[in-house]
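Here's the structure we're looking at; comments come further down.
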Amino acid sequence: MSKKNRAWRGKPKKLDLVCLFVPDFVSLRRLDCGSTVGDVGRVLGPAGQRAMERMLASTSGDITSRQWKTQTNLLRRLVHEYPDSLNAKFVAWLEPLLDLGCEARFEQPILSWDLIRLAQPSWVGETERLLYDHWALLQQRGQILLESLDFGARLAGGNEVSALRDLATGIRTDPLLLPYWSEAALEHIENSGTAAALDLARATAFVQGLVSQLGLVQALQDDAKPHIHAMLELDSERGFCNPGGVLLQAVREALKLPTVESLVEIVQSSGCKGPDRSTLMAWSSGRQFPSKKLWCNMSEALRSPSDPEFRGLPGPLRRGTLGWAARRIHALRQTFGQHWAQLKPFVGEADSLAAWLGPSVDRWHHHWVANPLPLVELPMLPSRAQ
């Protein structure tokens, strides 16, 4: 696939994982969407979002005056230019802190996914809130385990072997963390003897976390299950699944458009700079994955004056669930498919990641039906230390 036609462009970025295998917000949005998106992403950018997390999680004097000035300027711009991009209560709490400079410190740090949940505005969709809650729960449990083991200090003190052994034991005894780690991965942690060797096991747990969310959405949104299942079906001849093509087909069926050509006619007659016929055919066949820009342009072309909010669309499309699922499956293929040889010993015996995805999502679906996601309480906004 040429660079011009790739939806996910640019030099691959490192995925930052916290609390064992939980992604930070910026890394996850880059993975799922190819870039940071939304008002927060456009204004702050990756560096600014991380600055916001660092600032609000700080309990010590590790932020310089210059860093604080940069961070607060970014946040002021966000609050004043995009007031709807943050929760109003969060903004009311945040604004007085912007004038405190480096003096602003908090009684206890706040975990990054709790911060995201506190800051999210009311219009964030049902599916997105569900995923945020899931990552927050995993981050909370991972943090509790690491603190109970004094893991960081033991690694820094050269006690890697015992720290890693105790970490594997701790994961085995935690019913919420254990499903993401295979026994092979835990044995690898125990036998590696060095913290550097932990990276591959963490990566496989992260992949399980990404896949588990597809199963979670299936378990909680029955109307989305058939579409996600179709996105995961493996083409026996070509050896890959086609989430973008299934997404496009779902749109056509919802709008009662029998063929791709009928979709082309609407897009062309609208005057929008949407995808042309060859691009739509490539999306439909799976040769390309829909780019965000062209997909948004096509959506504008399909918008009806009588239903500008697409309220007449089926629930999974209206909620954005199918768009998210297609991007997640595509991201898994693009990011981890080429590393299947390294992942395979820790996750399964399938010949490829694409072949492994379908059965794994089904397994997670059954897991969530039997073990519903616990209620994830929203934390209090942290108090400033006196």
Side-chain angles (χ1 to χ4, degrees), residues 1-10 29-45 78 81-85 120-129 221 223-224 227-228 230-231 242-331:
M1 186 177 295
S2 69
K3 181 176 181 179
K4 179 181 178 181
N5 292 329
R6 277 197 341 232
W8 271 233
R9 299 180 183 178
R29 296 309 289 262
R30 184 183 291 121
L31 178 76
D32 274 346
C33 306
S35 63
T36 53
V37 296
D39 291 337
V40 176
R42 283 193 292 270
V43 176
L44 295 184
L78 178 66
E81 295 184 24
Y82 296 86
D84 295 334
S85 64
Q120 66 186 357
S122 58
W123 49 257
V124 169
E126 173 188 340
T127 300
E128 199 163 10
R129 288 181 181 276
Q221 299 182 14
D223 52 359
H227 299 283
I228 296 177
M231 290 179 182
N242 183 13
V246 173
L247 176 62
L248 187 65
Q249 181 179 348
V251 171
R252 285 199 299 103
E253 292 176 351
L255 298 175
K256 297 181 172 55
L257 299 173
T259 63
V260 173
E261 282 74 12
S262 57
L263 182 57
V264 173
E265 291 176 7
I266 293 179
V267 173
Q268 290 179 340
S269 63
S270 71
C272 291
K273 295 183 178 180
D276 57 20
R277 183 183 184 281
S278 62
T279 300
L280 285 170
M281 294 301 292
W283 289 1
S284 182
S285 68
R287 295 196 308 275
Q288 290 181 28
F289 187 81
S291 69
K292 183 175 182 292
K293 181 178 180 180
L294 286 179
W295 186 269
C296 289
N297 289 347
M298 183 184 75
S299 299
E300 286 301 313
L302 298 174
R303 193 182 299 276
S304 167
S306 61
D307 185 15
E309 301 299 322
F310 295 108
R311 297 187 186 280
L313 289 180
L317 277 172
R318 187 179 64 253
R319 293 190 301 266
T321 302
L322 297 192
W324 165 80
R327 292 192 301 272
R328 173 61 60 85
I329 294 167
H330 176 73

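Keep in mind the model is a prediction, meaning the values are calculated, not measured. Heavy atoms only: backbone and side chains are in, while hydrogens, waters and symmetry mates are out.
- When all heavy atoms of Leu247 and Gly323 are compared, the closest pair comes out as CD1-N, 3.9 Å.
- Here the shortest heavy-atom pairing between Val267 and Ala301 reads CA-CB, 4.0 Å.
- Distance check: Ser278 OG to Arg287 CZ gives 8.5 Å after rounding to the nearest 0.5 Å.
- Expressed to the nearest 0.5 Å, how far CZ of Arg327 lies from CE of Met231 amounts to 10.0 Å.
- Going from atom CD of Gln221 over to atom CD1 of Ile228 covers 7.5 Å, rounded to the nearest 0.5 Å.
- The two residues Leu322 and His227 come nearest to each other via the heavy atoms CD2-CB, 3.4 Å.
- Interatomic distance, Met281 CE to Asp276 CG, rounded to the nearest 0.5 Å: 11.5 Å.
- Two residues are said to be in side-chain contact when any heavy atoms from C-beta on lie closer than 4.5 Å; Leu302 and Leu263 meet this criterion.
- We find the CZ-CD distance between Arg277 and Gln268 to be 10.0 Å, quoted to the nearest 0.5 Å.
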Criterion side chain to side chain contact (heavy atoms under 4.5 Å, CB included) on Trp283 and Met298, from CA distance to verdict: CA-CA 13 Å; Trp283 289 1; Met298 183 184 75; 4.2 Å; yes
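- Between the side chain of Ser284 and the backbone N or O of Leu280 there is no donor-acceptor pair closer than 3.5 Å.
- In terms of heavy atoms, Asp223 sits closest to Gly315 at OD2-CA, 4.0 Å.
- Contact record, Pro290 with Trp295: CB-CE3, 3.7 Å, taken as the closest heavy-atom pair.
- Closest approach of Thr321 and Ala224 over heavy atoms only: CG2-CB, 4.0 Å.
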Side chain to side chain contact (heavy atoms under 4.5 Å, CB included) assessment of Ile266 paired with Leu255: CA-CA 11 Å; Ile266 293 179; Leu255 298 175; over 6 Å; no
